[in-house]
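The figures here come from the full heavy-atom set of this structure, side chains too, leaving out hydrogens, waters and symmetry mates.
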Amino acid sequence: MTPEDKTILAGSAPWLGALLNVVPGLGTGYIYQRRWRAYWITSALATAWFLLGAVLGGAATATDLTAPDPRNQLIGLGGLLLLAALTAAEAFREARRARME
């Protein structure tokens, strides 16, 4: 991380970076903090989780009228919520650490 990147990160509010990672989800707090690598990693993980759910859950076809399994939906939602919580905590910690330095 360059000194300019640390200055930008230190100037961001830790709570706002964390909130933006939780509320809209998928790493938007990283965009606010201008941490592009973390944003792309988070986006790749969320996309991989979504695709894994689609593959394992079997994408519904137009003729398939059965409802999706609620357990699978909860696992998918839980994974995305876990990703949001972890990225929020990490964004908060990094912004706070940059302010302390």
Side-chain angles (χ1 to χ4, degrees):
M1 188 176 278
T2 66
E4 181 181 300
D5 291 340
K6 284 192 178 208
T7 303
I8 291 171
L9 183 57
S12 66
W15 66 270
L16 186 56
L19 182 67
L20 287 172
N21 271 352
V22 171
V23 175
L26 307 178
T28 50
Y30 291 136
I31 295 173
Y32 165 70
Q33 294 176 338
R34 289 178 181 79
R35 295 177 56 206
W36 304 110
R37 184 176 305 180
Y39 170 73
W40 288 114
I41 290 170
T42 303
S43 295
L45 287 172
T47 302
W49 185 253
F50 178 76
L51 291 175
L52 182 66
V55 168
L56 294 179
T61 63
T63 59
D64 187 12
L65 300 177
T66 60
D69 184 13
R71 217 175 8 190
N72 288 343
Q73 289 180 335
L74 287 176
I75 291 171
L77 180 61
L80 291 178
L81 289 177
L82 178 65
L83 181 64
L86 291 175
T87 58
E90 193 274 338
F92 183 86
R93 183 180 55 89
E94 286 298 314
R96 196 159 180 206
R97 187 175 61 86
R99 282 186 169 202
M100 296 296 178
E101 290 180 1

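The neighbour count for Arg34 CZ, taken as heavy atoms of other residues, nucleotides or ligands under 6.0 Å away, does not exceed 12.
Considering CZ of Arg96 and CG of Leu9, their distance stands at 13.5 Å, rounded to 0.5 Å.
Looking at residues two or more places apart in sequence or on another chain, you find a salt bridge (Lys or Arg N to Asp or Glu O under 4.0 Å) between Glu101 and Lys6, Arg97. Residues that satisfy the side-chain contact (heavy atoms from CB on, under 4.5 Å) test with Leu77, not counting sequence neighbours, are Leu81.
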Please tabulate, one pair per line, all N/O donor-acceptor pairs under 3.5 Å involving side-chain atoms of residues 83-92, not counting sequence neighbours.
{"from": "Thr87", "atom 1": "OG1", "to": "Leu83", "atom 2": "O", "distance (Å)": "3.0"}
{"from": "Thr87", "atom 1": "OG1", "to": "Ala84", "atom 2": "O", "distance (Å)": "3.1"}
{"from": "Glu90", "atom 1": "OE1", "to": "Tyr30", "atom 2": "OH", "distance (Å)": "2.6"}
{"from": "Glu90", "atom 1": "OE1", "to": "Arg35", "atom 2": "NH1", "distance (Å)": "3.3"}
{"from": "Glu90", "atom 1": "OE1", "to": "Arg35", "atom 2": "NH2", "distance (Å)": "3.3"}
{"from": "Glu90", "atom 1": "OE2", "to": "Arg35", "atom 2": "NH2", "distance (Å)": "2.8"}

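Taking a 4.5 Å side-chain heavy-atom cut-off between Ile, Leu, Val, Met, Phe, Trp and Tyr, the cluster of Leu51 extends to Phe50.
Among pairs with a residue in residues 38-50, none fulfils side chain to side chain donor-acceptor pair (under 3.5 Å), at least two apart in sequence or across chains. Residue pairs satisfying the side chain to side chain donor-acceptor pair (under 3.5 Å) criterion with at least one member in residues 10-27, sequence neighbours excluded, are absent.
Placement of Leu80 and Ile75 within a single hydrophobic cluster is found when ILVMFWY residues are connected by side-chain heavy-atom separations under 4.5 Å, directly or transitively. No continuous path of hydrophobic side-chain contacts links Tyr32 to Ile8 [ILVMFWY only; heavy atoms under 4.5 Å].
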